[in-house]
Structures are given as structure tokens and as C-alpha cells.
Trainee: 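Got a structure for you, written out below as C-alpha cells; questions coming shortly.
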Amino acid sequence: MAATATPSTQLVTPKPCISASRGISRPSFACFGNETKGTSFTTKLRSSSFTPATQSLSKTYDFNPLKFGKRGGIKAMSGASDKQPLPGLPVDLRGKRAFIAGIADDNGYGWAIAKSLAAAGAEILVGTWVPALNIFETSLRRGKFDESRVLPDGSLMEITKVYPLDAVYDCPEDVPEDVKANKRYAGSSNWTVKEVAESVKQDFGTIDILVHSLANGPEVVKPLLETSRYGYLAAISASSYSFISLLKHFVPIMNPGGATISLTYIASEKIIPGYGGGMSSAKAALESDTKVLAFEAGRKHNIRVNTISAGPLRSRAAKAIGFIDMMIDYSLENAPLQKELTADEVGNAAAFLASPLASAITGAVVYVDNGLNAMGVGVDSPVFRDLDIPRAQQS
């Protein structure tokens, strides 16, 4: 990490990006409409030990020039400060910096949100759970995520820096001795919430967007009646209080007018059998906290606070619950929109909420679930077999 004064060598390899068809040197952005315009917006991945190289995705490369920043770190030159008016009604996040907590692979909502923010021009910082840090950075360095890094304009999403993070612990004094001695944490430092916020401040000064993409319930497969006090409180700590902690420590370095986004689930308000271990309670707490924090952060810091209630996704984390396929099938049969939800749809909603277009939206639970939240009954039940229930036209 940048805040750790250890002698280390950063290996820097210029990364290729796929050239835009017209070769216009302009940062990328997202725009509502049938076509996304713009060209590559790239920054360079920096970590405590390396800057990963990427493999070729094209025979023609555009290499961004590198320069040394004031702190001696290597930075990429980009057009993020270019604020020329854009056509249409764009989601324009050029010149904004986002910190996304909870990315450990390339197939979850956190990754999709990072991609959408990057497509809109934002600089991306990531906080990754400490035990998953090495494999995540290694996968980035070896190009294993290159295919899923491709943005709408053909360029590659770049991550400026990856920070080790365990959002269960607010400060070093909170970390138990057995965790400090755990070999999965060996080699990493400054990974509590307070330390990460301080490191981001030291490295970049400020951020504009804070994303909470964290959830964990050690007893999630247990019914609530069988959940232990430890399991219940652990779910609350990792899945809801972690958002309070992140906002508490990051809000001092957030620019006024900034935005925070978390991820919740319909189990917060409706019964989802199998989603146990206190996780439904944690999501309910997260939604309640969203409203209270919207008031407090809005009044004190001019920061907006919203949460996205996302539908089921076949992410690696969701598969651990064991019934994600059933929930996706249920949604396909019963939601007003009969299609499988994609991570990009959640990512695009997050980019909108983080943008000036949503400047009056705060304290909201925004449903991105094909409308499943609106249903009072499951229309695939045999009880309704004699009703003429419309179905989506098959293409």
C-alpha cells in the first residue's frame, strides 16, 4: 500500500487499449440512447507491490504516456479534466473519483458498478478483502479479467489502485490477535476502514463516489430461529454496519455534492426462505440506515446516500448461498419483465445515481430487479392456472 513505508519496486508496463474507430482523443462517457460514444479513458493500476500488465486484445495499441506525480507514484495522463459539453443527456463523471469497497472478482455487482462508473469517465479505486487480495491482483496482472474489462467504447476499464480492506474492523485496535496472526493477512497492512480512508487521502486527497458492495453472513444457510447470536451479529457487522463505518471515515475526504451507493435485497422486506443467518435483518438495517444517513450526511456534508435493491445474479458470492438458480427462475416466471437481470443493468443504475442527473435523489431504495418487488403473489402458482396471465413474447 502507498501508506506503508516499505522499500518495494513497482513494475510498470504500459497497457494497451483498443483504439476507438475514429481515433478521437476524448475520454469515455455513458449516454442514454442507442449508441455510446467516446474513446478510451484509462488510468493505471497501482498496488503496494506492482502495476499489472495486460495482455493484447487488439493488434493495434494506443499507449498512454506516463508521468510521475508529486508523491513519486506513477500516474497515467488522461482527459478526465476535459469538460467540453457533451451531446444528448449523458451520465458524465469525468474528473470524478470513485472508491468501490468489496470487489474480489469480475462477475459481481461491484465489478459491474466499477465498469459503468469508468465508462462514464470516473477514476476507479478498489477495496478488496484482504484474503482475496493476492488472487485478485494476480488475475488483473495476468489479464484474466481483460475480457470483462471491455467498456462500451472498446477500451479497457482500468483500476488506478487496489487497497487491501476488511470492513469488519474500524481501526487497528479492533483487530483480534488471531486475525493479526492469520497467514491470510500476512504481507498486508493498513487494511482497517480508518487506515484505508487515511491511505486514500494520502494518495489522492479526495473522492466523489463511495460504493459499498459488501455482505457476509457466516450462518446464511440457517433459518433465523437456528441462527446464533454470533452469526446474527456477524451478518449485521459485515453487511450493514460496515456501510456506516465506511461513510463515517470517508465522508471527511468526500467532495461536497458527492454520492454513496450500497446494495440491498428484497429479503429486507419480504420473506425469502433460505436467505437466513440474519442476512434479511442486515439488509433491513442497511435500508433504514440509508434514510438516516441521507439526512445526516446531506445536512452536514452535502452528500447523497442511496441503496440499490438488486435482483438475483449468478455471482460467485451468491452461488455460495445455494439457491440462487431457483431465485433467478422464480424471477423469470413472476417478474413483470420476463428476462434475466444482468449485472450491467445494476451498474448503469449506480452510474446514474452517482451522477449530477440524480442530484435531487437521496435516501432512496432504488429497485433494479425487473419489477419483481412489485409483485404480491407468484403468478406461476397452480392456483392461477385458470387465469389468462400475459407472458413475454418469445423472440
Side-chain angles (χ1 to χ4, degrees), residues 101-102 104-105 107-110 129-132 165-170 174-179 181-182 184-185 193 212-246 262-292 307-335 341 346 365 367 369 372-378 380-383:
D105 55 44
N107 71 345
Y109 284 136
W129 187 45
V130 183
L165 170 68
D166 193 328
V168 169
Y169 305 107
D170 298 331
D174 295 339
V175 182
E177 289 300 323
D178 63 320
V179 174
N182 192 310
R184 297 195 299 172
Y185 287 77
V193 176
H212 176 275
S213 180
L214 298 165
N216 182 53
E219 299 179 14
V220 66
V221 297
K222 292 184 179 181
L224 192 57
L225 277 174
E226 298 176 14
T227 299
S228 69
R229 183 182 296 271
Y230 162 79
Y232 185 92
L233 295 178
I236 294 288
S237 174
S239 308
S240 56
Y241 185 79
S242 57
F243 178 58
I244 298 174
S245 180
L246 279 169
S262 63
L263 292 168
T264 185
Y265 184 47
I266 193 65
S268 63
E269 57 188 89
K270 296 181 180 178
I271 300 167
I272 306 293
Y275 194 75
M279 283 302 301
S280 58
S281 307
K283 293 301 186 182
L286 180 63
E287 292 180 17
S288 177
D289 294 341
T290 294
K291 300 178 187 301
V292 176
T307 187
I308 294 175
S309 183
L313 176 75
R314 287 188 179 91
S315 66
R316 190 168 292 113
K319 289 178 180 178
I321 300 174
F323 70 104
I324 188 64
D325 290 334
M326 288 186 287
M327 291 307 302
I328 291 174
D329 292 341
Y330 179 86
S331 180
L332 285 170
E333 289 296 324
N334 295 286
L341 183 70
V346 172
V365 178
Y367 296 95
D369 62 356
L372 185 63
N373 72 92
M375 301 302 296
V377 297
D380 61 343
S381 170
V383 173

Trainee: Given side chains that start at C-beta, do those of Ile324 and Leu313 come closer than 4.5 Å, heavy atoms only?
Mentor: no
Trainee: Only one of Val193, Val130, Val179 passes side chain to side chain contact (heavy atoms under 4.5 Å, CB included) with Tyr169; say which it is.
Mentor: Val179
Trainee: Given 3.5 Å as the limit, does a donor-acceptor pair link the side chain of Asn373 with the main chain of Ile266, or not?
Mentor: no
Trainee: What pair of heavy atoms forms the shortest contact from Ala282 to Ala235, and how long is it?
Mentor: CB-O, 3.7 Å
Trainee: State whether the side chain of Ser381 and the backbone N or O of Gly378 hold a donor-acceptor pair below 3.5 Å, judged by distance alone.
Mentor: no
Trainee: Which pair of non-hydrogen atoms, one from Tyr265 and one from Ile272, has the smallest distance, and what is that distance?
Mentor: OH-CG2, 4.1 Å
Trainee: Any donor and acceptor pair, going by atom type alone, linking the side chain of Asn182 with main-chain N or O of Asp178 inside 3.5 Å?
Mentor: no
Trainee: Within the distance-only criterion (no hydrogens, no angle test), does the side chain of Thr290 pair as donor or acceptor with the backbone N or O of Leu286 below 3.5 angstrom?
Mentor: yes
Trainee: Please check if the side chain of Ser280 supplies one atom and the backbone of Gly276 the other of a donor-acceptor pair under 3.5 Å.
Mentor: no
Trainee: Within this structure, what is the CG-CE distance for the pair Leu332 and Met327, rounded to the nearest 0.5 Å?
Mentor: 11.0 Å
Trainee: What is the distance from atom CG of Leu214 to atom CG of Leu246, rounded to the nearest 0.5 Å?
Mentor: 6.5 Å
Trainee: Search all heavy atoms of Arg184 against all heavy atoms of Trp129 and return the closest pair with its distance.
Mentor: NH1-CH2, 3.9 Å
Trainee: What residues, two or more places apart in sequence or in another chain, satisfy side-chain contact (heavy atoms from CB on, under 4.5 Å) together with Ala310?
Mentor: Tyr109, Ile308, Val346
Trainee: Which pair of non-hydrogen atoms, one from Gly277 and one from Thr227, has the smallest distance, and what is that distance?
Mentor: CA-OG1, 3.2 Å
Trainee: Any side-chain heavy atom of Leu224 sitting closer than 4.5 Å to one from Tyr275?
Mentor: no
Trainee: State whether the side chain of Ser237 and the backbone N or O of Leu233 hold a donor-acceptor pair below 3.5 Å, judged by distance alone.
Mentor: no
Trainee: Which pair of heavy atoms, one from Ser239 and one from His212, lies closest together, and at what distance?
Mentor: O-CE1, 3.6 Å
Trainee: Hey, could you give me the CG/OH distance between Leu372 and Tyr367, rounded to the nearest 0.5 Å?
Mentor: 11.0 Å
Trainee: Nearest 0.5 Å, please: how far is CE in Met375 from NZ in Lys270?
Mentor: 9.0 Å
Trainee: Would a distance-only check, ignoring hydrogens and angles, find a side-chain to backbone donor-acceptor pair under 3.5 Å from Ser240 to Ile236?
Mentor: yes
Trainee: Atom OH in Tyr232, atom OG in Ser281: separation rounded to 0.5 Å?
Mentor: 3.5 Å
Trainee: Hey, are Tyr185 and Asp166 close enough side-chain-wise for a donor-acceptor pair under 3.5 Å?
Mentor: yes
Trainee: Is it the case that Thr264 and Glu287 place a side-chain donor and acceptor less than 3.5 Å from each other?
Mentor: yes
Trainee: So, taking the atom named NZ in Lys283 and the one named OG in Ser262, what distance separates them when rounded to the nearest 0.5 Å?
Mentor: 7.5 Å
Trainee: Can you name the closest pair of heavy atoms from Met279 and Ala215 and give their distance?
Mentor: CE-CB, 4.0 Å
Trainee: Given the rule in the side-chain contact (heavy atoms from CB on, under 4.5 Å) test, do Thr307 and Leu263 qualify, once you have shown the distances and angles that lead to the verdict?
Mentor: CA-CA 5 Å; Thr307 187; Leu263 292 168; 5.5 Å; no
